Amino acid sequence: MKKIRVLIIEDSSVIRQFLEHIISRDPRLEIAGAVETAEEALRILVSVSPDVISMDIRLPGMNGFDATQRIMQEQPTPIVVVSASVEKEDLKITMNALRAGALTVLEKPTGGTADDYEALGERICTQLAIMSQVKVVRRRRQTETVPRVGDQKPTPSATDYRALGIVSSTGGPSALVQLLGRLNADFPLPILLVQHICGSFLDGFACWLESVCPFSVEIVKDRAVAERGKVYLPAQDRHLRVESGFVRATCGHPVSAQRPSGTVLFESMAETFGCHALGVILTGMGDDGAQGLLALRRNGSYTIAEDESTAVVYGMPGEAVRLGAATESLPLPAIAPRILELVQLRKEDAGWSRLPQF
């Protein structure tokens, strides 16, 4: 079996040696190169032809964000960010790297027992192996052109929508910037969001998302009263649910190996709102959210899955389409316009003039 070639970009000799050690002993992987700077990585990228890249963020000279942009423009390669991200600037660079095309972010080893290092090493190697299979595409400057979605779109009916639920995973941060950025600042619904991300990066992700979209972002630690035009995320290692008139962060078993789980969110929305919800499932590995989206559609809500033509990883939206959970499958740039069309239809045909209430 052909081994997966990994290029390590890491300026710390200690961390670089750790990564070399865990990768060299993993039977799935082999080291294509290990360098200290992004500039050196770019010089050897073509010659070593890695299948996947382990990318540090704070590097001497060019940082991880700029390096990710260059790689995705010149020789698209799956990138896994391995970062401590303990400082505000590191968090910003990390999130912008995800926006630029990096697939996921993992924590650097920062101490602990030998067992901790063993578990972390296994996790890093597994993610490198998985992400090496993602077919990344060349990144160009975004345009405002919205692709046509065909003439056979479903005809929506006016209804009093109460909330918008969004679920995303691998490739999600970049997709969320595009989706949320195309919604108006006066968008009239609360936005309930499940994004699979390492828990230690959650606060940084929330701050970054607020800085790049027109909405304020709140991490729900217990419960919150939902407000329109605001994004709600669950606290670390908690599900996000709608219960008893509140948005709640709750314990519970992982679903589809995820906590938070998009299926938990969508099922609670289906139970609470019936046909009065909008559900969107974006790029992501696995199948989380698909069963929940199906519950929403069965209750009469309008559901959208990102089309394969734009999804970085078509796992989650593809499973939703396979189950018949999506009212409609749309390319990413067309999703926000459809949501705004649905909300406008509600306002005009239902005579809506007040804030939606749970």
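Keep in mind it's a predicted model, so treat the numbers as computed, not measured.
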In Leu282, Leu332, Thr283, the residue satisfying side chain to side chain contact (heavy atoms under 4.5 Å, CB included) with Val312 is Thr283
Does a salt bridge link Lys108 with Asp56, judged by any charged N lying under 4.0 Å from a carboxylate O? yes
From the list Val105, Thr68, Leu176, Leu103, side chain to side chain contact (heavy atoms under 4.5 Å, CB included) with Leu98 holds only for Val105
Exercise for the section: In sequence, state the C-alpha distance, the side-chain angles, and the governing distance for Ser301 and Leu293, and then conclude on side chain to side chain contact (heavy atoms under 4.5 Å, CB included). Expected result: CA-CA 9 Å; Ser301 287; Leu293 201 73; over 6 Å; no
**Prompt:** Do the side-chain N and O atoms of Asp307 and Ser309 include a donor-acceptor pair separated by under 3.5 angstrom?
**Reply:** yes
- Task: Answer yes or no: is there a donor N or O on one side and an acceptor on the other, between the side chain of His196 and the main chain of Asp288, under 3.5 Å?
- Result: no
Main-chain N/O of Thr263 paired with Gln291 side-chain donor or acceptor, under 3.5 Å
no
For a side chain to side chain contact (heavy atoms under 4.5 Å, CB included) check, start with the C-alpha distance between Leu91 and Phe201, then their side-chain angles and the critical distance, and finish with the verdict. CA-CA 7 Å; Leu91 287 167; Phe201 293 91; 4.0 Å; yes
- Does the distance from a Lys or Arg side-chain N to an Asp or Glu carboxylate O, for Arg28 and Glu122, drop under 4.0 Å? yes
- Answer with yes or no whether the hydrophobic clustering places Ile281 together with Val255; edges join I, L, V, M, F, W, Y residues whose side-chain heavy atoms lie under 4.5 Å apart. no
In short, Val136 meets Met72 closest at the heavy-atom pair CB-CE, 3.8 Å
Output for pair (Phe205 CZ, Met95 CE), nearest 0.5 Å, gives 7.0 Å
OH of Tyr161 to SG of Cys275, rounded to nearest 0.5 Å, is 8.0 Å
Q.
Quick check against the 3.5 Å criterion: does Asp51 have a side-chain atom that pairs as donor or acceptor with the backbone of Arg5?
A. yes
Please say yes or no: joined through hydrophobic side-chain contacts below 4.5 Å, possibly via intermediate residues, are Met62 and Leu59 part of one cluster? yes
d(Glu227 CD, Glu218 CD) to nearest 0.5 Å is 7.5 Å
**Message:** Can you confirm whether Pro333 sits close enough to Thr310 that some side-chain heavy atom of one is under 4.5 Å from a side-chain heavy atom of the other?
**Reply:** yes
Rounding to 0.5 Å, atoms CD1 (Ile339) and CG (Leu189) come to a distance of 9.0 Å
Any heavy-atom pair between the side chains of Ile4 and Gln133 that's under 4.5 Å? yes
In this structure, CD1 of Ile8 is separated from OG of Ser54 (nearest 0.5 Å) by 6.0 Å
Side chain to side chain, Arg70 and Gln75, heavy atoms closer than 4.5 Å: no
### Any donor-acceptor N or O pair under 3.5 Å, side chains Glu107, Ser200
yes
*asked:* Could you tell me if the side chain of Leu180 sits less than 4.5 Å from the side chain of Phe215, heavy atoms only?
replied: yes
Worksheet item: Counting only N and O atoms by type, is there a donor-acceptor contact under 3.5 Å from the side chain of Asn299 to the main-chain atoms of Ala270?
Response: yes
Distance col, row Thr250:OG1 vs Arg259:CZ, nearest 0.5 angstrom, shows 9.5 Å
For the pair Glu118 and Arg25, find out whether any cationic side-chain nitrogen is under 4.0 Å from an anionic carboxylate oxygen.
yes
**Item:** Heavy-atom donor-acceptor pair, Ser47 side chain to Ile44 backbone, under 3.5 Å
**Value:** yes
Original post:
Arg248 side chain to Asp222 main-chain N or O, any donor-acceptor pair under 3.5 Å?
Top reply: no
Quiz item: Do Glu319 and Tyr314 have side-chain N/O donor and acceptor atoms under 3.5 Å apart?
Solution: no
* Side-chain contact, heavy-atom cut-off 4.5 Å: Pro60 with Glu36? -> no
When every non-hydrogen atom of Val220 is compared with those of Val247, the smallest separation belongs to CG1-O, 3.7 Å
Review point. Please walk me through it: do Ile191 and Arg228 pass side chain to side chain contact (heavy atoms under 4.5 Å, CB included)?
Key: CA-CA 8 Å; Ile191 301 167; Arg228 72 174 187 174; over 6 Å; no
- Query: Taking atom types as modelled and ignoring hydrogens, do the side chains of Thr104 and Thr170 form a donor-acceptor contact shorter than 3.5 angstrom?
  - Reply: no
Hey, is the main chain of Ile22 close enough, under 3.5 Å, to the side chain of Ser24 for a donor-acceptor pair?
no
For the hydrophobic clusters of this structure (ILVMFWY residues joined by side-chain heavy atoms under 4.5 Å, transitively), does one cluster hold both Leu278 and Val264?
-> no
- Report yes or no: is the cationic atom of Arg162 (NZ for Lys, CZ for Arg) closer than 6.0 Å to the six-membered ring centre of Phe273, at no more than 45° off its axis? no
**Test item: Ser268 side-chain N/O and Arg241 main-chain N/O as donor-acceptor pair under 3.5 Å** = no
Taking every heavy atom of Phe266 against every heavy atom of Ile166, the minimum-distance pair comes out as CE2-N, 4.3 Å
(Q) More than 12 heavy atoms of other residues, nucleotides or ligands under 6.0 Å from CD of Glu243: yes or no? (A) yes
Q.
I'd like to know if Leu106 and Val134 are part of one continuous hydrophobic network [Ile/Leu/Val/Met/Phe/Trp/Tyr, side-chain heavy atoms within less than 4.5 Å].
A. yes
key: Stepwise side chain to side chain contact (heavy atoms under 4.5 Å, CB included) test for Ile335 and Glu306   = CA-CA 8 Å; Ile335 294 176; Glu306 183 179 356; 4.3 Å; yes
- Message: Do Tyr302 and Val321 land in one hydrophobic cluster if side-chain heavy atoms of ILVMFWY residues count as linked below 4.5 Å?
- Response: no
What one should report as the nearest heavy-atom pair of Met269 and Gly165 is CE-N, 3.6 Å
**Prompt:** Side chain of Ser261, backbone of Gln258: donor and acceptor closer than 3.5 Å?
**Reply:** no
In terms of heavy-atom contacts, Leu233 and Leu240 come closest through C-CD1, 4.3 Å
Exercise. Stepwise, does the side-chain hydrogen bond (donor to acceptor under 3.5 Å, both in side chains) test hold for Gln17 with Ser13?
Worked result: CA-CA 6 Å; Gln17 289 171 18; Ser13 61; 4.7 Å; no
Shortest non-hydrogen pair, Arg99 vs Ser174, comes out as O-OG, 3.2 Å
*Please check if the side chain of Thr327 supplies one atom and the backbone of Thr303 the other of a donor-acceptor pair under 3.5 Å.*
yes
